[in-house]
Amino acid sequence: QVQLVESGGGLVQPGGSLRLSCAASGFTLDYYAIGWFRQAPGKEREGVSCISSSDGSTYYADSVKGRFTISRDNAKNTVYLQMNSLKPEDTAVYYCATGDWIKCDTDFRKYEYDYWGQGTQVTVSS
């Protein structure tokens with residue numbers, strides 16, 4: 001059974017950092033692209049970052065480029081999202097997701113993602 005579990009969220013002050021983890025089970029992470037999405041209250045879920053399975057290429061939304069870094073540790077079957085220089089507008093529930101036919105790019109097509117984690121809350125506030 002495919003399962004994704006996010007962790008690492010919390011409350012942080014503006015300018016601070018957090019590292020989110022996405023632990024996968026039921027499948028081998030090596031062969032799948034993984035995306036991170038977020039959803040703020042009253043807003044649609046939006047793509048944040050994606051890492052491809054083939055060559056590890058990474059993609060970022062313009063709003064987080066230069067501040068967030070996605071990486072994968074295939075030995076631990078885990079993908080990470082390092083978030084630095086956090087802003088109040090980064091406040092949201094963050095989800096990781098995967099699917100069988102994902103083309104990683106900055107379009108972040110949600111319909112390509114079949115499996116989603118339960119989400120982890122990130123709150124950036126002083």
Side-chain angles (χ1 to χ4, degrees):
Q1 179 181 358
V2 173
Q3 191 172 15
L4 298 169
V5 178
E6 304 94 336
S7 61
L11 173 64
V12 64
Q13 292 187 343
S17 298
L18 282 175
R19 188 178 79 158
L20 305 184
S21 299
C22 172
S25 61
F27 68 103
T28 303
L29 199 63
D30 309 36
Y31 305 118
Y32 290 84
I34 301 292
W36 281 99
F37 292 78
R38 66 185 181 186
Q39 187 165 19
K43 294 189 176 181
E44 287 193 10
R45 192 170 299 187
E46 63 175 0
V48 173
S49 183
C50 184
I51 184 165
S52 70
S53 59
S54 55
D55 59 2
S57 296
T58 57
Y59 301 84
Y60 300 94
D62 287 343
S63 58
V64 307
K65 197 175 298 181
R67 300 187 298 121
F68 290 12
T69 303
I70 190 172
S71 62
R72 62 197 304 155
D73 185 337
N74 290 335
K76 294 184 177 180
N77 229 32
T78 300
V79 170
Y80 303 99
L81 185 68
Q82 178 67 42
M83 306 187 297
N84 298 330
S85 302
L86 283 162
K87 305 174 181 180
E89 51 263 44
D90 294 318
T91 295
V93 178
Y94 283 71
Y95 301 88
C96 61
T98 191
D100 294 326
W101 301 103
I102 297 171
K103 181 181 182 297
C104 259
D105 56 33
T106 54
D107 287 338
F108 301 107
R109 291 168 294 274
K110 290 191 288 291
Y111 62 81
E112 292 181 352
Y113 293 82
D114 301 310
Y115 308 101
W116 295 78
Q118 83 290 347
T120 185
Q121 175 70 48
V122 171
T123 303
V124 185
S125 175
S126 54

_Intermediate values then yes/no, side-chain contact (heavy atoms from CB on, under 4.5 Å), Y60 and I70_ = CA-CA 9 Å; Y60 300 94; I70 190 172; 3.4 Å; yes
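Looking at E6, its side chain does come within 3.5 Å of a backbone N or O of Q118 through a donor-acceptor pair. In terms of modelled atom types and a separation under 3.5 Å, the side chain of D107 and the main chain of R109 share no donor-acceptor contact. Judged purely by atom type and a 3.5 angstrom limit, Q39 has no side-chain atom pairing as donor or acceptor with the backbone of A92.
Following chains of ILVMFWY side-chain contacts shorter than 4.5 Å, one cannot reach V93 starting from V79, and the two form parts of different hydrophobic clusters. V122 and L81 fall within a single hydrophobic cluster, where Ile, Leu, Val, Met, Phe, Trp and Tyr side chains are chained together by heavy-atom contacts under 4.5 Å. M83 and Y80 fall into different hydrophobic clusters, where Ile, Leu, Val, Met, Phe, Trp and Tyr residues are linked whenever their side-chain heavy atoms come under 4.5 Å apart, directly or through other members. Two different hydrophobic clusters hold F37 and V64 under the rule that ILVMFWY side chains link at heavy-atom gaps under 4.5 Å.
Atom CD of E89 has more than 12 heavy atoms from other residues, nucleotides or ligands within 6.0 Å.
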Show me the donor-acceptor pairs within less than 3.5 Å that the side chains of residues 17-36 make with the rest of the protein, sequence neighbours left out.
unit_1, atom_1, unit_2, atom_2, d
S17, OG, N84, OD1, 2.9

Check residues 48-57 and write down every donor-acceptor pair under 3.5 Å in which the side-chain atom is one partner and the other belongs to a residue at least two apart or another chain.
unit_1, atom_1, unit_2, atom_2, d
S49, OG, Y59, O, 2.9
S52, OG, D55, OD1, 2.9
S52, OG, G56, N, 3.2
S52, OG, S57, N, 2.9
D55, OD1, S57, N, 3.0
D55, OD1, S57, OG, 2.7
D55, OD2, S57, OG, 3.0

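Here the CD-OG1 distance, from E112 to T98, works out to 11.0 Å after rounding to the nearest 0.5 Å. To the nearest 0.5 Å, the span separating CD on Q121 from OG1 on T91 amounts to 7.5 Å. Separating the OG atom in S85 from the CZ atom in R67 is a distance of 7.0 Å, to the nearest 0.5 Å. Note: T78 OG1 to L4 CG = 10.0 Å, rounded to the nearest 0.5 Å. Taking CZ of R45 as the start and CZ of R38 as the end, the distance is 13.0 Å to the nearest 0.5 Å.
Salt bridge present: D62 and K65 bring a charged side-chain N and a carboxylate O closer than 4.0 Å.
The nearest pair of heavy atoms linking A61 to G47 is CB-O, 3.5 Å.
Under the 4.5 Å side-chain criterion, counting only non-hydrogen atoms from C-beta, S7 is not in contact with T120.
Aromatic ring orientation, W116 versus Y95: perpendicular (interplanar angle above 60°, classes split at 30° and 60°).
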